[in-house]
Each structure stands twice: as C-alpha cells, then as structure tokens.
Number of protein chains: 2
Amino acid sequence: MLSESRCRRYAESVRLSGGVEAALHCCVVLTAATEPVPAARLAELHGVSATYLAKHLQALSRAELVHSVQGKSGGYVLTRPPEEITTLDVVEAVEGPAPTFVCAEIRQRGPMAAPPEACTAPCAITRAMIAADRAWRAALREVSIADLGRSVAQDYESDVLGQIVGWLAPAEH
Amino acid sequence: MLSESRCRRYAESVRLSGGVEAALHCCVVLTAATEPVPAARLAELHGVSATYLAKHLQALSRAELVHSVQGKSGGYVLTRPPEEITTLDVVEAVEGPAPTFVCAEIRQRGPMAAPPEACTAPCAITRAMIAADRAWRAALREVSIADLGRSVAQDYESDVLGQIVGWLAPAEH
DNA sequence: ATAACTCGGATTCATAATGTCCGAGTTGAA
DNA sequence: TTCAACTCGGACATTATGAATCCGAGTTAT
C-alpha cells in the first residue's frame with residue numbers, strides 16, 4: 001500500500017503478470033517449509049489477495065510443481081527438490097507456455113502476399129523474435145528455486161527463511 | 001482474413017503487441033524504398049488497418065528511427081542506414097522501454113516485511129528476471145534491419161523487395 | 001493562392017489480467 | 001462412526017490495458 005506509487009510503474013505491453021512474482025516468492029518460501037502451507041497463510045505473509053494468490057497456486061499445482069494436500073492441516077508442498085525446479089518452470093506455469101511473439105503472417109496478406117507454399121518456415125522477423133525468446137527462456141532456466149533461496153539468504157545475512165517458517169506454523173496448531 | 005485462425009493463437013500474457021511485427025515489416029520495406037512512403041500505402045501493402053499502423057509509425061518517428069516527410073508526396077523514410085537500426089530499437093520504440101518484469105516489492109509487505117533500508121538493491125527474484133530481460137534484449141540487438149532484409153531476400157530467392165518497391169510507387173505519381 | 005495530401009495527437013471499443021465468490025472434497029477429531 | 005472444520009478447485013464480476021478509430025494541424029506541389 002505504502003510503496004505502491006514507487007513500484008507499480010505502468011509498463012506498456014511486454015510486462016510479465018504480477019502473479020509470477022508472487023508465485024516465485026511462494027516457491028522460495030516452500031523451499032524452507034517442512035509442512036504443507038495453506039494458500040491463505042502464504043497470502044497473508046506476502047500481503048497479497050488470498051483468493052488471487054490461490055488462483056496462481058492452482059496453476060502451479062496443475063503444472064505439477066507443487067502438490068496440494070487437502071483436509072484440515074493441508075496446504076501446498078513442493079513436488080520436487082528445489083534444485084530441480086527452474087524459474088522458467090514457474091513462469092511458464094503461471095503465464096502459460098505461449099511464446100512472447102506470435103507471428104500474424106503479415107507476409108501472406110495484402111496485394112503482394114506470398115503464396116502459402118512459400119511460407120512453410122517462419123519468416124525472418126519471426127526467426128529473430130524466436131531466437132530472443134529462446135535466450136530469455138534459457139536465462140530463466142539457469143536459475144533454480146534453490147538458487148533463489150540461497151541468494152535471499154545471502155542478501156540479508158540472517159536466517160530470514162527460518163523466521164518465516166517459524167511464523168508460518170504458529171502456536172495455533 | 002483467411003489465415004486468421006491459423007495465426008492468431010491466443011497467448012496468455014507475455015505476448016508482444018502485434019504492432020511490433022507490423023512496424024518491423026515496414027522498416028524492412030523502407031530499407032529498399034528510395035522515396036518517402038506514406039503510412040496508408042504501407043498499411044495497404046501489409047493488409048492491416050491504416051490508422052492503427054499510423055499510430056505505430058508515429059512511435060518510430062518519436063524514437064527517431066524514421067523521419068516523417070509532410071506534404072503532398074510525403075511519407076516515412078529511415079533516418080539511419082539499416083545496418084545501424086537494430087530489431088531492439090524497433091521493439092523498444094513500439095512497446096516502450098519498460099522492462100518485462102516490474103518488481104512489486106513483495107518483500108516489503110506483510111507481517112515479515114523487510115525494512116526499506118535493507119531493500120536498496122533489487123531482490124534475488126528481480127535480479128533473475130532482469131538477467132533474462134537483458135538476454136532477450138541482447139539477442140534482439142544482434143539483429144539489424146539490414147540483416148532482416150537480407151534474410152527475406154534469401155528466403156524467397158527472388159527480388160521481392162524490388163517488386164514491393166515497384167508496387168509502392170505506381171504510375172499515379 | 002489554393003487545394004490536396006501528409007502526419008500528429010486525442011478518443012472510443014474490445015480484450016485480458018486482476019480480484020472475488022461459492023461449491024466439492026478431504027482430513028482430523030469427537 | 002459421525003461430524004464438523006478446513007482445504008483446494010473452478011466459475012464469476014470488475015478494472016486496467018492494448019487495439020482500433022477519428023478528426024484536426026501542418027506542409028507541399030500545383
């Protein structure tokens with residue numbers, strides 16, 4: 001609320017949805033958690049809408065990145081060790097696997113349209129965009145959730161994750 | 001119109017606006033043009049909305065990538081040799097310079113919020129996203145408009161650009 | 001001097017992300 | 001065994017953003 005004006009700079013179009021950031025934060029927290037964590041608790045911890053975060057956690061669940069435990073003391077748990085979950089996995093789970101660039105096949109339109117037979121391969125522009133898309137994804141694939149957790153720990157030089165886990169499972173068990 | 005169903009696959013979020021593709025096609029065409037080309041003509045050539053394309057060409061003009069010539073036989077001309085215009089230049093001109101990821105500073109929210117003093121540097125998640133963003137931009141920067149023109153020429157093994165330029169300046173001069 | 005043609009910015013419409021709700025299912029305890 | 005509480009899951013409004021459009025200012029060739 002207070003830092004809203006500083007952070008929510010409007011972007012024009014290539015912006016990544018905000019849900020991705022929340023989902024990544026949740027994954028990092030789940031790295032340290034030892035019991036299932038409910039979506040509502042994660043939302044309170046991060047100060048975001050509970051129902052909205054739930055939506056994105058469901059996406060992670062569908063992508064098999066987290067496993068949902070139902071029932072009274074249920075919640076979410078990582079399905080794999082955090083070393084085997086990449087940032088790209090999370091981004092694709094939340095944003096969908098669609099590429100950043102979808103070719104509208106402009107070359108096949110208008111009076112000088114290229115014949116469909118000549119358009120089996122993507123056009124030069126599309127190739128350039130695809131290459132950039134691949135570079136982006138490759139960079140995201142290089143960073144695992146475990147890496148993120150380690151970086152967070154280094155940043156603050158105190159066991160923040162441990163403190164958070166402590167907060168997640170209070171006396172009211 | 002005919003190839004609509006095949007191309008316009010819906011993407012979820014990280015999609016690049018369609019204007020980028022049109023703008024790039026225009027730049028490639030302008031590579032070969034020897035006289036100013038009006039926006040309306042470019043729109044007809046590519047089979048897209050004239051007024052909408054105009055909007056994006058204005059963005060290119062604002063970014064100093066093309067120069068607008070007013071008056072009766074006016075239109076758009078590239079300001080620099082195509083070797084000195086990168087694909088990234090066009091993308092940033094149309095999409096805006098905003099990064100793909102804007103950090104909402106989740107770490108400063110909620111009951112375990114980090115103090116603002118500890119948040120001078122971007123968080124680990126943001127750093128990973130910025131790195132990916134840089135990789136994406138670097139890939140786009142590698143490809144110039146001139147490169148795109150050459151690739152197009154190779155793809156079709158006939159002087160398509162020449163034919164297009166011929167169509168652009170018909171008898172009605 | 002004129003008239004036609006150009007670009008430029010302000011405006012409206014549609015799509016998609018954001019945020020919310022309630023129902024189905026499961027678990028733990030009584 | 002029963003019950004009750006708590007969990008996730010998908011379907012539903014709302015709002016912000018991009019897509020598409022229009023008309024006015026300026027310039028140039030006639």
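Throughout, protein chains are lettered first and strands after them, A, B, ... in sequence-line order, and every chain is numbered starting at 1.
- Nucleic acid contact class of A/Ala40 (heavy atoms, under 4.0 Å, all strands): none.
- Using a 4.0 Å heavy-atom distance criterion, B/Gly75 is classed as a sugar-phosphate-only contact.
- Partners of A/Glu92 under the side chain to side chain donor-acceptor pair (under 3.5 Å) rule, at least two apart in sequence or in another chain, are A/Arg137.
- Residues that satisfy the side chain to side chain donor-acceptor pair (under 3.5 Å) test with B/Thr31, not counting sequence neighbours, are absent from this structure.
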message: Treating primed atoms plus P, OP1 and OP2 as sugar-phosphate and everything else as base, which nucleotides of nucleotides 25-30 of chain D get B, S or - for protein heavy atoms under 4.0 Å?
response: -BBSS-

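- As rounded to whole Å, 14 Å separates atom P of D/dT17 from atom CD of B/Glu95.
- Listed by chain and number, the residues in a side-chain contact (heavy atoms from CB on, under 4.5 Å) with B/Asp155 are A/Ala124, A/Arg127 (sequence neighbours excluded).
- Atom CD of B/Gln58 is separated from atom P of C/dA10 by 10 Å (rounded to the nearest Å).
- In this entry the distance linking CZ of A/Arg41 with C1' of D/dC8 reads 16 Å, nearest Å.
- Distance B/His56 NE2 to D/dA20 P: 8 Å, rounded to the nearest Å.
- B/Val77 belongs to a hydrophobic cluster whose remaining members, ordered by chain and number, are B/Val69; membership requires side-chain heavy atoms of ILVMFWY residues under 4.5 Å apart, directly or through intermediates.
- For the segment residues 60-68 of chain A, no residue has any heavy atom less than 4.0 angstrom from an atom of DNA chain C.
- A straight line from CG of A/Leu57 to P of D/dT7 spans 13 Å, rounded to a whole angstrom.
- Proximity of residues 42-54 of chain B to DNA chain D (heavy atom under 4.0 angstrom from any strand atom) is restricted to B/Ser49, B/Thr51, B/Tyr52.
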message: Would A/Met129 and A/Thr100 count as a side-chain contact (heavy atoms from CB on, under 4.5 Å) here? Give the steps.
response: CA-CA 8 Å; A/Met129 303 308 272; A/Thr100 56; 6.0 Å; no

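- Scanning for side-chain contact (heavy atoms from CB on, under 4.5 Å) contacts around A/Ala153 gives an empty result, with sequence neighbours left out.
- Listed by chain and number, the residues in a side-chain contact (heavy atoms from CB on, under 4.5 Å) with A/Glu83 are A/Pro81, A/Ala146, A/Arg150 (sequence neighbours excluded).
- With salt bridges taken as basic N to acidic carboxylate O contacts below 4.0 Å, none links B/Arg62 and B/Glu64.
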For residues 45-55 of chain B, which side-chain N or O atoms pair as donor and acceptor with protein atoms under 3.5 Å away, sequence neighbours left out?
unit_1	atom_1	unit_2	atom_2	d
B/His46	ND1	B/Leu42	O	3.1
B/Ser49	OG	B/Thr51	OG1	3.4
B/Ser49	OG	B/Tyr52	N	3.2
B/Tyr52	OH	B/His56	NE2	3.1

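- Residues satisfying the side chain to side chain donor-acceptor pair (under 3.5 Å) criterion with A/Asp89, sequence neighbours excluded, are A/Thr86.
- Between the side chain of B/Lys55 and the base of C/dG9, no donor-acceptor pair of N or O atoms lies under 3.5 Å.
- Taking B/Ser68 as the reference, B/Ser61, B/Tyr76 meet the side-chain contact (heavy atoms from CB on, under 4.5 Å) condition, with sequence neighbours excluded.
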